[in-house]
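Numbered from 1 within each chain, the chains take letters A, B, ... in sequence-line order.
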Number of protein chains: 2
Amino acid sequence: MFKKESFQPVQSTKLVDDVVHQIQQQISAGKFKPGDKLPPEPELMQLFHVGRSTIREAIRVLVSAGLLEKRQGIGTTLKANTIIQEPLTQRLHRAKLIEVFEARKMIDIEISRLAALRRDDNDLSNMRKHLDAREMALQQNDREQYARSDIEFHMAIAIASKNAVIIDLYRTFSQVLSDAMNQLNLNYRTHDPQSQYHEQVYESIKQGDADQAVKWTLEILNRTLSEL
Amino acid sequence: MFKKESFQPVQSTKLVDDVVHQIQQQISAGKFKPGDKLPPEPELMQLFHVGRSTIREAIRVLVSAGLLEKRQGIGTTLKANTIIQEPLTQRLHRAKLIEVFEARKMIDIEISRLAALRRDDNDLSNMRKHLDAREMALQQNDREQYARSDIEFHMAIAIASKNAVIIDLYRTFSQVLSDAMNQLNLNYRTHDPQSQYHEQVYESIKQGDADQAVKWTLEILNRTLSEL
DNA sequence: AAGGGGAGATCATCTGATGTTTAAAAAGGA
DNA sequence: TCCTTTTTAAACATCAGATGATCTCCCCTT
């Protein structure tokens with residue numbers, strides 16, 4: 001008897017994916033030059049023998065990927081320099097650890113500043129929750145839980161900044177940094193004497209005092225950096 | 001006579017983009033856990049007060065970005081992969097313009113600070129060169145050359161920061177922002193009365209005064225932000 | 001020469017209808 | 001009771017039609 005798990009469902013080709021791939025291939029093959037106009041939607045419907053919504057979803061995907069540009073009343077055009085970008089995580093893995101650290105420090109500081117200006121009650125209660133869990137784990141000497149809570153606390157600050165781009169940047173940098181330091185058998189934020197600073201950061205954000213929040217965040221970061 | 005600069009085109013946010021931003025925000029803020037199901041299409045229609053095709057296009061964008069997973073008969077679920085394997089440019093294309101701007105502001109400031117601390121003679125001469133070219137273009141009313149020199153000047157500052165990760169971030173953010181603002185028929189850094197501030201930034205960096213460099217960079221940025 | 005006003009092209013959005021896929025409930029048989 | 005089959009409901013996939021919004025272009029008037 002075969003294991004069911006060893007099989008995968010046949011690639012059920014959705015029409016939209018098919019259209020996306022075909023257009024993408026045409027672009028990759030250089031059939032279009034930057035600035036060239038794609039056929040209008042009704043024509044694409046005939047060319048691909050699909051409905052309007054299928055065409056529109058396919059085009060929308062390529063627009064969001066940055067390959068095409070759509071303008072009402074004008075049409076759809078091919079954008080210039082479709083340079084192949086690598087994922088940020090890959091880029092960071094290639095980078096010097098100190099550079100990644102420095103960049104994350106920049107993000108950390110801005111996050112604290114924005115959080116102090118924008119936090120709402122929900123943000124504060126989340127931060128408080130993780131801060132308490134962090135303290136608890138510290139007293140019980142639960143390194144695992146401590147590390148988790150510490151990350152969650154900082155993530156809660158990030159979320160309070162209300163800027164999705166910065167949140168994503170912070171998440172990516174922290175993840176890569178954590179991986180890299182584990183690999184080097186370095187402890188990633190597992191030093192106990194910082195509880196006071198974390199409390200200070202929380203209080204500053206709660207008070208809405210951006211300058212103080214930045215100041216205490218810097219205190220934490222400078223201590224972590226010294227271990228590198 | 002009214003100043004042209006005092007007007008701004010009406011921000012015509014397409015419904016699909018709005019829906020994408022809202023869902024992205026929820027995901028980035030961690031409101032969903034991996035595996036969580038999104039409400040079905042009819043419910044989303046009611047929640048957002050838009051038609052089904054609008055919902056479908058928005059979901060399709062996030063699926064193509066790798067954040068969501070759609071299965072016929074099942075529904076739409078949040079993908080497990082927390083760290084998105086997605087080029088940064090693509091992520092920025094999906095973001096709200098104001099969020100990208102805010103993040104680049106953060107980078108710009110840190111770059112000025114680091115440049116003041118780390119610039120060498122070569123950096124300074126490069127900055128001087130582009131600053132002169134910028135001034136020259138301004139007097140000759142060569143908008144094209146002015147824009148190019150302005151970007152080069154700021155890029156020279158970035159390079160002086162000596163952090164490759166931050167340089168790459170800055171380049172990516174600037175490019176995406178430039179594209180986006182061009183598309184909105186907004187001028188991207190083409191206001192003349194800032195020459196003094198650019199000179200101040202250069203002088204501060206030359207003196208190695210990080211605080212002053214940040215201060216004057218903020219002056220420039222606050223003026224650009226006011227146009228958004 | 002400047003501005004007004006269509007006409008046409010093209011995308012944006014909504015709505016209704018029908019087909020497919022999936023999971024789970026219901027039914028049936030041993 | 002347990003296993004298999006059938007049915008049903010949920011949810012996405014796709015198409016078609018209609019209306020609105022936006023942009024370019026051209027012609028006309030002043």
Side-chain angles (χ1 to χ4, degrees), chain A residues 1 4-5 7-23 32 35-79, chain B residues 1-2 4 7-23 32 35-79 93-94 180 182-186:
Chain A
M1 185 60 171
K4 283 185 199 169
E5 290 76 19
F7 293 107
Q8 288 187 357
V10 179
Q11 183 94 5
S12 70
T13 309
K14 296 284 178 284
L15 291 185
V16 174
D17 294 326
D18 197 1
V19 174
V20 168
H21 291 146
Q22 285 200 47
I23 297 179
F32 296 106
D36 276 1
K37 271 175 54 171
L38 251 65
E41 288 170 359
E43 195 171 330
L44 289 173
M45 287 171 61
Q46 294 180 344
L47 288 174
F48 288 106
H49 291 291
V50 296
R52 180 104 185 279
S53 45
T54 304
I55 294 291
R56 283 189 57 78
E57 286 185 33
I59 300 285
R60 172 74 62 179
V61 165
L62 293 169
V63 169
S64 90
L67 273 73
L68 299 178
E69 194 169 357
K70 256 200 310 190
R71 289 177 65 190
Q72 191 171 349
I74 306 296
T76 307
T77 54
L78 181 58
K79 275 186 79 172
Chain B
M1 185 59 170
F2 289 104
K4 281 188 209 167
F7 293 108
Q8 49 179 300
V10 180
Q11 190 100 3
S12 80
T13 308
K14 295 285 179 284
L15 292 185
V16 175
D17 291 329
D18 198 358
V19 174
V20 169
H21 292 151
Q22 287 200 46
I23 298 179
F32 297 107
D36 275 2
K37 271 175 58 172
L38 250 67
E41 288 171 358
E43 196 170 329
L44 290 174
M45 289 169 61
Q46 293 181 342
L47 289 174
F48 288 106
H49 290 291
V50 296
R52 183 164 53 254
S53 47
T54 304
I55 293 291
R56 285 187 56 78
E57 286 186 35
I59 299 285
R60 173 74 62 181
V61 166
L62 292 168
V63 168
S64 88
L67 273 73
L68 299 178
E69 195 168 11
K70 258 202 306 189
R71 286 174 60 196
Q72 190 171 349
I74 306 295
T76 307
T77 55
L78 184 58
K79 257 194 158 180
H93 268 295
R94 257 210 324 285
N182 278 334
Q183 199 169 340
L184 289 175
N185 277 328
L186 278 175

Worksheet item: Would you say D:dC12 has OP1 or OP2 under 4.0 Å from some side-chain N or O of B:R56?
Response: no
Worksheet entry | Step-by-step side-chain contact (heavy atoms from CB on, under 4.5 Å) determination, A:R60 to A:K70 | CA-CA 9 Å; A:R60 172 74 62 179; A:K70 256 200 310 190; 4.1 Å; yes
Fill in: Atom-to-atom span, NZ of B:K37 to C1' of D:dA11 - whole angstrom
8 Å
Worksheet, complete the sentence: So, with a heavy-atom separation below 4.0 Å from DNA chain D, the residues of residues 69-78 of chain B are B:K70, B:R71, B:Q72, B:G73, B:I74, B:G75, B:T76
Fill in: Heavy-atom side-chain contact between A:L67 and A:F32 under 4.5 Å
no
Item to complete: With a 4.0 Å heavy-atom cut-off, tell me which residues in residues 40-53 of chain A come close to DNA chain D, sorted by residue number.
Response: A:H49, A:V50, A:G51, A:R52, A:S53
Discussion item. Quick test of your reading of the model: are B:E69 and B:K79 salt-bridged, counting only N-O distances below 4.0 Å?
Written reply: no
Worksheet, complete the sentence: When rounded to whole Å, the CD1 to C1' distance for the pair A:I55 and C:dT10 reads 14 Å
Practice prompt. Please state whether the phosphate of C:dC14, meaning OP1 or OP2, lies under 4.0 angstrom from any side-chain nitrogen or oxygen of B:T54.
Written response: yes
Worksheet, complete the sentence: Taken to the nearest whole Å, CD1/A:I59 to C1'/C:dA12 is 14 Å
Worksheet entry | Euclidean distance, atom NZ of residue B:K14 to atom P of C:dC11 [Å, nearest integer] | 13 Å
Practice prompt. Would you indicate whether the side-chain heavy atoms of B:D36 and B:T77 approach each other to under 4.5 Å?
Written response: no
Worksheet item: Where is the tightest heavy-atom contact between A:P39 and A:L47, given as atom of each residue plus distance?
Response: CG-CD1, 4.3 Å
Worksheet entry | Distance, rounded to the nearest Å, where B:L38 contributes CG and D:dA10 contributes P | 19 Å
Protein-nucleic acid N or O pairs under 3.5 Å, nucleotides 3-5 of chain C:
none

